[in-house]
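Let me begin by presenting the structure, written as structure tokens, before commenting on it.
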Amino acid sequence: MLTQDELSTIEQNPYRGDYPLLSANPDLAFLDSAATAQRPAVVLDAQRHFYETMNANPLRGLYRLSVEATEAIAQTRDKIAAFLGAVDEAGKPCGSQVVFTRNASESLNLVARTLGRSVLKPGDDVVISIMEHHSNLIPWQQICRETGANLVYLRMDENYRITPEEVAAKVGPRAKIVSVTQVSNVLGVENDIPMIARRAHEMGAYMVVDGAQSVPHVRVNVRELGCDLLAFSAHKMGGPMGIGVLWGKPEVLDAMPPFLTGGEMIDSVTETDAVWAPVPQKFEAGTQDAAGAYAFGACLDYLDEKGFGALEVRERLLARYLTDSLAALPYVDVIGPAEGERHVGSVAFNVRGIHPHDVASILDMNNVCIRAGHHCAQPLLAYLGVENGATCRASIAFYNDKSDIDALVDGLAKVWEVFHGRD
Amino acid sequence: MDVTSLYNAEFMDHVAHPDYKYQMENPTCTHEGVNPSCGDELKFSVRLADDGTIDEAAFTGRGCAISQASADIMSDLMVGRTPEEAIHLCDLFERMVRGEVTDEAELEPLEDAEMLKDISHMPARVKCAELAWRTLKEMLEARAAADKDEKGA
């Protein structure tokens, strides 16, 4: 239960006004930020500012505008590196460790197709977890099929934890790549990545982390995580859609072959051969979404200005209030830990005997947006054995407040009433 | 959209007390339909009379309220129809839920199924509403094609 002070914190909302879509829809309870977050005005303005004042093809032109566009991308790389704690001894951000992609899915495909294809041999193991989003599952399924490697799943215990014993049992000497999500996009639980990374490295395997659901909500420090590669999307944290990141240790990125080839990723080309540009350009064929990168930089500035630590604390309170409110409804089953403090952003649930799609449609008619379905995690839902292979999922961000969650609770009462009448 | 424009008492009665949800004995043909993204599964059976009309229709399966109610409403509509009429009604229903036909007079042959016309404002749910109709249509078309082959041979 939240204290009176904590309740009063989430009753106030100093952020909503920064978001044009939320301001234009005062009655909307947007509880689907795990699918995509809303964007603050500063991000939208930055996107426009780029095209209005510095639009040119980055990297190529020798004139001032193109140099400015190139600078804008380089600065965002540094901001991202600083955000992830990827800094050198002097505390300077290592922007060259930041590769731009379209989204976390593309980052993970890149890793599977380059690192996976070059290191995997028949009989090797790729270890993922049962709670992966399809984005961190299908690329590995495909590459294992291609290379003859085995796909091994870490399974969670009855408390939704991947235990050190499970990791020791599954990550053995045959493991070459371990790729695990830091936060489940369905259950909202956080995995112990430092523990898994230690074991992976002891066995000589690479450690890849899907940070799509963690980077927006918890302070991620790549050094503390101990991972080799980290993938995430800008759009889940308030940046533009269509820009994502692959962060990597320099020696790992250097050793990986390129993914897409073409313009801007080469040093020199002859009729028969090509020499790759250094990282990160090696992985960025073709014209990049420079405006998107610039706007993502504005998003990180916004998060810094608001104080990421304070936002994280607020989201923890909202997640606890959400979990407690759902658990208090007699006709709702929370799928995942009952403890609110174990939920990062998301809480999955079902309304007893009612299909999640009906729940979502009726909530929609009451101005409440949630996700319903398999959440791109079909193996997880099959493993959990939930009815229809589907659940509802409510997810929060710091721009939510108590009234959004109360609207969900009222909406769920209406859902129950539609199916069962008034008690 | 108001909740009761779709999830009203009549609709909910089809969900809670479907008349046609049972395992049919000795059906003429049976066909399965699925919506993999929803987990909706439906097995639809018909028995044809000697004159070729649908004598009995029934379904089993699981899924959301819309897929279940739609199957029950459709079953009721189909009894006594020829396969050609049934296929025509399936087409009309499909066009209604996709918002391609809105004229009340044109929708009249759908009788009670017209209560699902607001689905056209819920694009994510169109495939739920269509499942039974798509399944029946596939079954009858496959049967018609098989008959033709037989006669042609």
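To find a chain, count down the sequence lines: A is the first, B the second, and so on, and within it residues start at 1. It should be emphasised that the depicted structure is a prediction, and the values quoted were computed from it without experimental measurement.
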By a 4.5 Å heavy-atom criterion (distance strictly below it), what part of A:D364 contacts chain B: side chain, backbone, both, or neither?
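No part of A:D364 comes within 4.5 Å of chain B.
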Taking the side chain as C-beta and beyond, is there a heavy-atom pair between B:M122 and A:M365 under 4.5 Å?
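Yes, close enough: below the 4.5 Å cut-off.
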Quick one: which residues of residues 130-142 of chain A reach chain B at under 4.5 angstrom, heavy atoms only?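 Interface residues of residues 130-142 of chain A: none, nothing closer than 4.5 Å to chain B.
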Winner by heavy-atom pair count (cut-off under 4.5 Å) against chain B, out of A:N388, A:N366, A:D358, A:V359: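 The candidate making the most pairs under 4.5 Å is A:D358.
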Here the pair of heavy atoms bringing B:M12 nearest to A:V418 is CG-O, 3.6 Å
Next item on the list: Search all heavy atoms of B:R125 against all heavy atoms of A:S361 and return the closest pair with its distance.
Entry: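 It is NH1-OG, 2.5 Å.
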### Query
Within a radius of less than 6.0 Å around CD of B:E25, do more than 12 heavy atoms belonging to other residues, nucleotides or ligands occur?
no
- Item | Exceeds 12 heavy-atom contacts within 6.0 angstrom, atom CZ of B:R47 | yes
Query raised in the report: Is there a donor-acceptor pair closer than 3.5 Å between any side-chain N or O of B:R62 and the backbone N or O of A:E387?
Result: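 No, because the side chain of B:R62 does not come within donor-acceptor range (under 3.5 Å) of the backbone of A:E387.
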Honestly, the part of B:D40 sitting under 4.5 Å from a heavy atom of chain A is side chain
